[in-house]
2 protein chains.
Amino acid sequence: MSDTHIDVPVPVPLEGVCPLRDVLDAVGNKWGVLTIVLLGERRHRYNELHKSMPGISQRILTRTVRSLARDGFISRIVYPTVPPRVDYELTDLGRGLLQQLNALNAWADAHHEEMVAARRREDAGQGTQMP
Amino acid sequence: MSDTHIDVPVPVPLEGVCPLRDVLDAVGNKWGVLTIVLLGERRHRYNELHKSMPGISQRILTRTVRSLARDGFISRIVYPTVPPRVDYELTDLGRGLLQQLNALNAWADAHHEEMVAARRREDAGQGTQMP
DNA sequence: CGGTATCCACCGGGATACTG
DNA sequence: CAGTATCCCGGTGGATACCG
């Protein structure tokens, strides 16, 4: 067992009981979708991802890719060279997920104006209705 | 001379910039999807939802439905009676979202075995590969 | 009945510094 | 280059009690 740990855990909880929850937990976090989309364009190495994700810290990027790799959406390819090189790319499973995200994204694009409008209404106090 | 002023603290409400993020934030939380699904079956009143969502507290249920209502996915109908009665039902927007969730759910059902298998592999130490 | 009011634990996300 | 090691902050989710 290695004694170095970045916290990319999730061993115990009732993980895996609801497939949809698993997927949402996997990519619903702050950088999951962007990571999948970037890797959908082409294979990236660590620093390429880092530069394409403005604002993310190394710690969080590492956690994100490790988590996605654990779930089988991306693969982590380590070249045993010096200096080290690590590439990330989508797996077949990840490509399938990307298609679903694209579909959801299309729907979101088409309807997010309604969401924004609803928020304005609600925030203006026109929320509840009385039949 | 005006000294440095590097610190631009970013006013938080960058809500609404990315449609897909908005959707994921809206229903990616712990009880969002279940709420949408339940209301997709039929209109529910507050306590009906509560009984159908084992483990949720009143506070969280209230927050969940209020948030979904604010985003326009469900409507909140208040009957000015005593004792009070409040119904929740999907809006057209919410029904559209439910269809997307159903699609994603179908994909998740079809592929979550691969996710679980990937996790087992990863957790067993067969994670990285070296070409 | 349908909520609020408090209080609190936990975890995701981040800033910064250091390393094999 | 590709990470770790620490420390920290805010927000989500929860437990419990009370209210109009």
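By convention in this document, chain letters (A, B, ...) are assigned in the order of the sequence lines, proteins followed by strands, and residues within each chain are numbered from 1.
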Tell me: CD1 of B/Ile56 to P of D/dA15, nearest whole Å?
11 Å
Between NZ of B/Lys30 and C1' of C/dC11 the distance, given in whole Å, is 13 Å
Tell me whether the OP1 or OP2 atom of C/dG3 has a side-chain N or O from B/Arg66 closer than 4.0 Å.
yes
Distance check: side-chain N/O of A/Arg63 vs OP1/OP2 of D/dA5, anything under 4.0 Å?
no
Take the protein atom CG of A/Asn29 and the nucleotide atom C1' of C/dG14, then report the distance between them rounded to whole Å.
14 Å
Axis-to-axis angle between the two ends of the helix from C/dC1-D/dG20 to C/dG20-D/dC1 (five base pairs per end, rounded to 10 degrees)
50°
Heavy-atom side-chain proximity of A/Val86 to A/Arg45 below 4.5 angstrom
no
What integer distance in Å separates A/Ile60:CD1 from D/dG3:C1'?
13 Å
Are B/Trp107 and A/Val37 joined in one hydrophobic group, where the rule is that I, L, V, M, F, W and Y side chains link up if heavy atoms are under 4.5 Å apart?
yes
Is A/Glu114 paired with A/Arg119 through a side-chain N to carboxylate O contact shorter than 4.0 Å?
no
Rounded to the Å, how far apart are A/Asp25 CG and C/dG12 C1'?
12 Å
Which heavy-atom pair separates B/Ser52 from B/Leu38 by the least distance, and what is that distance?
CB-CD1, 3.7 Å
Proximity to DNA chain D (any heavy atom under 4.0 Å), residues of residues 38-55 of chain A only
A/Arg45, A/Tyr46, A/Asn47
Measure from the side-chain heavy atoms of B/Tyr88 and tell me the nearest of C/dG2, C/dG3, D/dA2.
C/dG3
Take the angle between the ring planes of A/His50 and A/Tyr46 and call it parallel below 30°, perpendicular above 60°, tilted in between.
tilted
A/Glu41/A/Arg95 salt bridge by N-O under 4.0 Å criterion:
no
State whether B/Arg85 and B/Glu48 are salt-bridged, where the test is any N-O pair (Lys NZ or Arg NE/NH1/NH2 against Asp/Glu carboxylate O) under 4.0 Å.
no
When the distance from CD of A/Gln58 to P of D/dC1 is rounded to whole Å, what number comes out?
10 Å
Would you kindly give the CZ-to-P distance between A/Arg59 and D/dC9, to the nearest whole Å?
15 Å
Checking B/Asp92, B/Leu39, B/Leu68 against B/Phe73 for side chain to side chain contact (heavy atoms under 4.5 Å, CB included), the one that qualifies is B/Leu68
Rounded to the nearest Å, what distance is computed from the CD1 atom of residue A/Ile77 to the P atom of nucleotide D/dA2?
12 Å
Are A/Glu89 and A/Arg43 ion-paired here, with the side-chain N under 4.0 Å from a carboxylate O?
yes
